[in-house]
Amino acid sequence: MIDIVRNRHQTIEIEGAKKARGNRTKARIYWAMAVFILAFIVISARLVQLGSSELSYNYTGVERDLATASRPDILDRNGQEMAIDISVPSLFAEPRRIIDVEEAVYKLRQELPQLNEEWLRDRLTGDKGFVWIARELTPKQQTRILRLGIPGIDFREESKRFFPATETAAHILGAVNRDNQGIAGIEKYIDGDDLAVLQEIGLARGRKLEPINLSIDMRIQHAMHAELVDAIERYDAIAAAGVLLNIKTGEILSLVSLPDFDPNDPSSALEPYNGVKGARINRITAGTFEMGSTFKTITFAAALDSGKVNITDEFDATKGVKFGRFTITDYHGKKRILSVPEIFKYSSNIGTIRMMQALGKENYRAFLTKLGFDNALPIELPETKMNTIAENFSDVGAATASFGHGITVTPLHLASAVGAIINGGNYVPSTLFVRSEEQAKQLYQRVISSQTSAKVRYLMRLNALEGSARKANKIADGYRFGGKTGTAEKVIDKKYSSDFTFAAFVSAFPLENPKYAMVIIIDEPKKENEQSGTTAGWNAGMTSGRIVKRIAWLLGIKPDFDDSIDINLVPIELR
Amino acid sequence: MIRGLNIILLIACISSLAGVYAIKYETLELANQIAALKKEGNSLNNDISLLEADWAYFNQPSYIEPVVRRHQEKLELNILNQDQFININDIPMRVEEDLDDKALTALFEALDRGIDPIAVLIEANSQ
């Protein structure tokens, strides 16, 4: 019994061990199930999450490589495209995947004969993974090359800058290099701004950037360009340039410098012109010249504004002004006493020197500083040059400077200064970006009184009616146009030469309330025909007239032949 | 019972396997479609950029002027002369013709009363 009990007991024990094992297994299975269930819950939760989340289809900001880096479109003030991006295919090869180099070379050269055979063979041989073969091809070439079926070559799209106006606005726009970085002009300026940073971090790649609106008006830019091309031919000149400013806002409406280049082919900017290297510079901002008698406008404004010279004053111009052994005389000598308007009209050097002397050379020098001649151009172009004006004038230096000799300035400096003198007396820095009159008024710096400004306007109009700007005014009749000519003899072999001259014409219109000022320069003009002369009135002046005739109505100026406009321009003292 | 359950699970497993494969191939197919569409989109974008460039080029004054010069003689095109502008007040009024005075008077009187006879006509027609 006891045995049985014991046996039973033993059996129970055995059963207990089995049971305990079975229990353990069961527990393990439960655990495993729990783990699996948990895993499945996690997976299904993730599935639900993925299924319910909305995919963003906005791919902007996806990083692309530098080859597709894009630049903002550049538009003129009316939205006309001046520089845009286009995608073009570029051909590359993977030499390690090319099976038959000779065949590839032969086939490629049939399509692209400009490739050098040796160079191409060298390029395609080897174990390299990527080499450029030809960049910026046309879509047609791409199709034809793909049809050749050469293994190991392929295309990728690159952004290329395209300047649809070719040369017309070359010096404004500048150029970009193969990697789409600006290397000159406004293209370089916008890179320096913040585009380079955007491109660097990959934000400006392959996506549209906000377009940039320049202050240029392409219709006017073209008209000026065409007239200056015509002027170079007509007067057999070596160079010509011009700038038109809105003098109320400082906006540059057109800026042309010839000879120019094609921005689509940046290397053309460095090509010599008629054998002269570096001739294709921007003469408006990066060229300094002796602007000749056009500078008298500034001297007159300085003298009249000081109160030391009145418009009714008269100066003796019978004899030249002597400085030691030098005597300065007049080109169109009248050899009599001249009134202030007559000095302007006849462009008398003697009279201008006397006026400057009445003002005082220190005051005159200070006035030039006030008009911004000592400062770098406040323009957005990287190509600028500083003027060379002595810090302190000697007696003879001040005398020659009063009629624009012995000091060299950029045409844009002169245009801005003259703009300030005739717009009512407010200097406003020039810009290539759109600027409203309200914005411009914040920048105004008064340089002369509005009364003096009105007197200079009268003098400019008088010169158009009776003086050296007559021929220009005849062409631009009705647009209340006026200006001052300047003919400087060029320094050839360290001596002034009367055979080689530099002609400038500074003008403004409509003179009863001038909104636009223009400077036109023509380098080494010759006679157009036997009857014509070589002074600025014949070339720079008449070119200006033709430009005004072509553009004034585009600027919303209606021709008006009413004499009362001219009569109202005459200062009260002279009526 | 467990056997039945196992069979069911096995069937479920196989069918879900087949389902997953189907989805996988469908996705691949879709990915191919996406790639093709993207490629097409890219090439269309490129075409657009080239057409835009063409448009910009043909719209430039520098392109238009030579075209104008070519047809200058035939079309008698010239740069606008100052005497070609006149004031709007200088445009002469229309020469008086035989006007139906009665009808005009009736029209103006009706307008004065605040009735627009033409509007009435249109309304009558539209009904």
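On a predicted model such as this, the values are computed, not experimentally measured, just so you know. Within every chain, numbering begins at 1; the chains are lettered A, B, ... in the order of the sequence lines, protein sequences first and strands thereafter.
For A:Phe163, no part sits under 4.5 Å from any heavy atom of chain B, backbone or side chain. For A:Ala223, no part lies under 4.5 angstrom from a heavy atom of chain B. Using a 4.5 Å cut-off between heavy atoms, A:Leu75 makes no contact with chain B at all. The contact between A:Ile84 and chain B is made entirely by side chain atoms (from C-beta outward), counting heavy-atom distances below 4.5 Å.
Chain B forms the most heavy-atom pairs under 4.5 Å with one residue out of A:Gly478, A:Ala552, A:Ala165, and that residue is A:Ala165. For chain B, the option among A:Lys549, A:Glu167, A:His225, A:Met82 with the highest count of heavy-atom pairs below 4.5 Å is A:Lys549.
Side-chain contact between A:Leu465 and A:Arg470 is absent, with no heavy atoms from C-beta onward closer than 4.5 Å.
Taking the six-membered ring for Trp and the full ring otherwise, A:Phe509 and A:Tyr516 have centroids separated by under 6.0 Å. You'll find the ring centres of B:Tyr63 and B:Tyr57 inside the 6.0 Å limit.
Classification of B:Glu65 and A:Arg219 as a salt-bridged pair fails, no side-chain N sitting under 4.0 Å from a carboxylate O.
Looking at every heavy atom in both residues, A:Pro72 comes nearest to A:Glu210 through CB-O, 3.3 Å.
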